[in-house]
Amino acid sequence: MSNREVADLLAAASAAYKIKDEQKNKFRSIAYDRASAAIEHLGSEVKDFWDDGKLEDVPGIGPNIAKHLDEIFKTGKSKHFNKVFLGVPPSVFEFLKITGVGPKKAIKLAKELNIKSSKGAIKRLSKSAKSGKIAEIERFGEGSQKVIAKSIKEHEARPKERMLISQAENIARDVVGWVSENKSVEKIEVLGSLRRRASTVGDIDIAVATKNPESILDHFIEYPNKTRTLGKGPHKASIVLPNNIQVDLMATENDSFGSLLQHFTGSKHHNIALREIAQKKGLSLSEYGIKGINNLKFKIKNFKDEESFYKSLALSWIPPELREDAGEIEAAKANKLPDLLKLSDIKADLQIHSDFDIETSHDIGDSSMVEIAKKAEKLGYQYIGFTEHNPSQRGHNERKVIELIKKKREAINRVNTKIKIFNSMEVDILPDGKLAIGDKALGELDFALVSIHSSFAQSRQSMTARVLSALSHPKVKIFAHPTARRINKREGVELDWTKIFEFCRENNRWIEINAEPTRLDLPDYLVREAVKAGVTLTLGTDSHHVRSLENMRYGVDVARRGWAERKDIINARTLVEFEKVLKGGE
DNA sequence: GCCGTTTTCGGCCCGACTGTTTTCAGTCG
C-alpha cells in the first residue's frame, strides 16, 4: 500500500467518525486526520516504517492506529476499518471529492437523495441538482444547489493536478501584474507553496499590504482571465482560472504584514505546530499577530516582518523552504538551522547538451558550444560539463564511439572561453546494469553521468543491483535524474536508497539534483535523506537550449528544501577543488 | 486517538467565508 492509499484510508475513517460520532468524540476524528496528513507528508514509505516495526515513530500514529495498519499490511484487510465504515453509504466518499462538500453534507445528500452506491454517485448527484431536488433538502437551498453543480462540473472537467513550479511562477506573475495596477497596493508578495519553493504548486496565494482592502479585492476579482469567483469577503477573495487553478488573495494593513506573510506562507502543518507552541506559552497566533489567550488586556501584537515574529516565539527566522514541520522548528529553537545553499554558490553546471552531433538515438541540444560557454561565463561559472547522450548502440562499434568522443574534444578545444569545459557524456544504464558504451570509450571521457532511460518497472531489488553495477565503473561519477520521474507523468523507479546512498558516500559518486522543472530529481525529501547520509550531490540543468541554463535556481530550490548546504554540493566547489576530487576519486 | 521541558490525564490551532437563518454549522486553508 502506498502512502497515498494509507492517507486516503485514514482520511475516510476520519470522515466516517465525523458522521457517526457527532460531537461526542470529535477528537478521535481529528486524530485520524492528523495521522492521514502525517503519512501524506512523510518523506519515506510508511510501509518501510512498518517493515522496521517503527510505525509509532511517525508523529500522529499511536498504538491504536499502528495496530490497525499492522493488520492491513499483514493481511490486506482490517476488521477495525470495516466496522468504522459500517453504516456509511459508499457514495459519501465520492461526494467528499467535491469542493464544498464535507462529511456532514455528504451523508445528508446520500440519505435524502437515496444514493448509496459509490458507482455513478456523482452523476446521480449532478442529476439531482438539475432537477432541483438538492434545494429541497433542509438547510440546503438554491444557492447550495448551484455551488454543488458547479463544483461537480469542475471535478469532472479536470481532476485537480498540481502545477510545475515554473508554470505557477508565470501565472502568479500575471496576476500580480494585474493586481498591482490598483494604486492602493503598498506591498505585494506571492506566498504559499510557491514561496516555499515546492516542486509542484496547488493553489496560488498572494498577499497585499494596503489601506484599502476593499478596492484591491474588487479589482482582483475582475481579473480578465478568471473563469469564476469562488468567494469574496472584507479580507480575502478567491478566483478560479482556466484548468481549475485557484488564486487566493488576502489584503491587510501594512503594520501587520509580517504576520500575514508568515501565516500565508505556511505550510499549514508548520503553522499548526507554531500555534501549539504559542498556546503553551499562553499566547494565541493568527494572521493578525499574537495575543494572550486569557488576558483581555494583552493587546494584539503586530509584526512588520517575519524575523520579529519568530523572535517573539524564541525562534530564529526559518527559511520558507524549510517550513514543513519536519524538524525545522526544533532546529530553530536550538539555533541549529542549516546554512542553506545559495544560487550564488554554484560554480558549474554539470549536465548540458550542446548541438554537437554525437549520433545518438536520444535528443540532442539546440544551442552551440560557443553560445553555452558564453552564457556560462555570464552566470559566473568556472567550469561546465557537456553531457550529450551516448551514440546510438546500433551502427556504432567502440572504435566509432571513440572517434566521436575525440571529435567532440577537438570541438571543445576550439571554444574560446575562460571557463573549463569537461568532456563528459550521459550514458544509458542498460536493463542488465551494463553501460551503453564500452570501457575504452569511457576511458576517453573526463567523467561520465549515468541514467535510466528504459525498463523503469523493474523490481526494487533488481533496479538497485542494476544501478549499483553501473555506478561501479571507475569513470562514472554522477547518477543523473536518479528516480527518472516525470512530474505528473511518470512515477519514479523503485530503489533501495539506503544502499545507493551508502555506495555513493563510500565510493565518491555524486547524485544529481536535476533542475529541469518537469523532473526536479532527486526529489526534495530524498535530498534530505541523502544529505543526512553524507552523500555529495551535484546540480545540473539538463539543458537542451542555452536559455535553460537559467533553470539552475529550481535545482537550488530543491537542494534547500532538502536542507543541503554548500559543502554538500560538488559543483559549489571551485574548479581547483573540483579537479582535485575528480582525480583523487578513483 | 494522540501526546507530554508545568501533564500518563485532560487537553487538543485559528480565523474567514458562505448559505441558511436571525445566531450558527459546515467547510476550507
Side-chain angles (χ1 to χ4, degrees), chain A residues 10 13-15 17-19 21-38 55-69 80 84 95-96 98-109 134-148 150-151 191-193 202-205 207 213 217 229-238 246-252 256 259-260 262-291 293 300 314 325 330 333-334:
Chain A
L10 294 172
S14 166
Y17 277 128
K18 270 191 197 113
I19 287 165
D21 287 357
E22 296 294 327
Q23 286 303 306
K24 203 174 67 195
N25 197 353
K26 70 171 182 170
F27 290 109
R28 179 160 58 181
S29 165
I30 291 173
Y32 272 85
D33 261 333
R34 298 191 76 155
S36 168
L55 270 180
E56 286 187 54
D57 284 4
V58 179
I61 294 188
N64 279 296
I65 294 182
K67 192 178 74 195
H68 304 320
L69 291 182
H80 166 72
V84 173
F95 294 163
L96 288 176
I98 296 161
T99 312
V101 178
K104 298 289 172 71
K105 284 189 184 171
I107 187 69
K108 216 162 180 189
L109 288 167
I134 292 179
E136 291 167 13
I137 302 172
E138 196 192 359
R139 292 197 75 84
F140 282 72
E142 292 290 338
S144 304
Q145 182 168 269
K146 246 176 153 173
V147 168
I148 289 174
K150 195 117 195 185
S151 294
L191 306 177
S193 50
D203 299 335
I204 289 173
D205 301 303
L217 294 174
T229 302
L230 269 183
K232 177 180 161 288
H235 296 287
K236 282 182 185 171
S238 301
Q246 186 175 331
V247 186
D248 301 327
L249 187 137
M250 186 156 181
T252 186
S256 58
S259 297
L260 187 69
Q262 197 287 320
H263 173 84
F264 235 5
T265 297
S267 68
K268 185 180 168 187
H269 298 287
H270 176 83
N271 286 354
I272 289 174
L274 284 184
R275 286 186 209 125
E276 282 168 353
I277 288 179
Q279 204 181 37
K280 283 179 191 134
K281 298 180 190 239
L283 301 169
S284 169
L285 240 62
S286 77
E287 57 263 56
Y288 301 110
I290 298 181
K291 63 184 180 189
I293 293 174
I300 192 151
D325 191 23
E330 292 76 4
K333 208 184 279 174

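If you're wondering where the values come from, they're calculated on a predicted model, not measured in any experiment. Note on naming: letters A, B, ... go to the chains in the order of the sequence lines (proteins, then strands), and numbering restarts at 1 for each one.
At B/dT18, none of the side-chain N or O atoms of A/S144 fall inside 4.0 Å of OP1 or OP2 (strictly under the cut-off). The side chain of A/K291 places an N or O atom within less than 4.0 Å of a non-bridging phosphate oxygen (OP1 or OP2) of B/dG15. Between A/N64 and B/dC2 there is a side-chain N or O to OP1 or OP2 distance below 4.0 Å.
With B/dT27, B/dC2, B/dT20 as the choices, the nucleotide that has an atom nearest any side-chain atom of A/K105 turns out to be B/dT27. Looking at the side chain of A/P103, the nearest of the listed nucleotides B/dT20, B/dA16, B/dT27 is B/dT27. When distances run from any side-chain atom of A/H68 to the nucleotides B/dG19, B/dA16, B/dG1, the shortest one goes to B/dG1. With distances taken from any side-chain atom of A/E287 to the nucleotides B/dG19, B/dG15, B/dC2, the minimum falls on B/dG15. Distance from the side chain of A/Q279 is smallest for B/dC12 among the nucleotides B/dC17, B/dC12, B/dG1.
A distance of about 15 Å separates the C1' atoms of B/dG1 and B/dT8, rounded to the whole Å. Annotation: B/dT22 and B/dT18 have their C1' atoms spaced 15 Å apart (nearest Å). Remark: the separation of the C1' atoms in B/dC17 and B/dT23 is 16 Å, to the nearest Å. Comparing B/dT20 with B/dT27, their P atoms are spaced 14 Å from each other, to the whole Å. Here the separation of B/dC9 from B/dC14, taken at their C1' atoms, is 25 Å to the nearest Å. Going from the P atom of B/dG26 to that of B/dT21 covers 14 Å, rounded to whole Å. Using C1' as the reference atom, B/dG11 and B/dA16 are 26 Å apart when rounded to the nearest Å.
The nearest heavy atom of DNA chain B to A/A237 and to A/R139 marks one nucleotide each, and the one closer to the 5' end goes with A/A237. Comparing A/H235 and A/G143 against DNA chain B, the residue whose closest nucleotide sits nearer the 5' end is A/H235.
Atom CG in A/D248 sits 8.0 Å away from atom CG in A/L230 (nearest 0.5 Å). Between atom NE2 of residue A/H68 and atom CG of residue A/L55 there is a gap of 12.0 Å, rounded to the nearest 0.5 Å.
Between the P atom of B/dT27 and the NZ atom of A/K104 lies a distance of 7 Å, rounded to the nearest Å. Here the P atom of nucleotide B/dC2 and the CD atom of A/E276 are 15 Å apart, to the nearest Å. B/dC14 atom C1' lies 11 Å from atom NZ of A/K268, rounded to whole Å. With rounding to whole Å, A/L217 atom CG is found 12 Å from B/dA16 atom C1'. With rounding to whole Å, A/D57 atom CG is found 14 Å from B/dC2 atom P. B/dT18 atom P lies 12 Å from atom CG of A/D248, rounded to whole Å. Whole-Å rounding puts the A/I61 CD1 to B/dC2 C1' distance at 11 Å. One atom, NZ of A/K26, and another, C1' of B/dC2, lie 16 Å apart when rounded to the nearest Å.
When heavy atoms are screened at a 4.0 angstrom cut-off, A/I272 is found touching base atoms of the nucleic acid. As judged by a 4.0 angstrom heavy-atom cut-off over every strand, A/E142 is placed among residues touching the sugar-phosphate backbone only. Using a 4.0 Å heavy-atom cutoff across all strands shown, A/S284 reaches sugar-phosphate atoms only and no base atom. Residue A/L285 is in sugar-phosphate contact alone, with no base atom involved, counting any heavy-atom pair closer than 4.0 Å across all strands shown. Using a 4.0 Å heavy-atom distance criterion, A/Y288 is classed as a sugar-phosphate-only contact.
By the criterion of a centre-to-centre distance under 5.5 Å and near-parallel planes under 30°, the ring of A/F27 forms a stack with the base of B/dC12.
Under 3.5 Å, the side chains of A/S151 and A/T99 contain no donor-acceptor pair of N or O atoms.
Base-pair partner of B/dG19: B/dC24 (Watson-Crick or G-U wobble, both distances under 3.5 Å).
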Please evaluate residues A/R34 and A/E276 with respect to the criterion salt bridge (charged side-chain N to carboxylate O under 4.0 Å, His left out), reporting the C-alpha separation (whole Å), side-chain torsions for both, the decisive distance (0.1 Å), and the verdict. CA-CA 14 Å; A/R34 298 191 76 155; A/E276 282 168 353; 3.1 Å; yes
Go through it in stages, so that I can follow the logic: the residues are A/K18 and A/D33, the test is salt bridge (charged side-chain N to carboxylate O under 4.0 Å, His left out), and I'd like the CA-CA distance, side-chain angles, deciding distance and then a yes or no. CA-CA 11 Å; A/K18 270 191 197 113; A/D33 261 333; 3.1 Å; yes
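Using cut-offs of 30° and 60° on the angle between ring planes, the pair A/Y32 and A/Y17 is tilted.
Looking only at distances, no side-chain donor or acceptor of A/S256 sits under 3.5 Å from a matching main-chain atom of A/S259.
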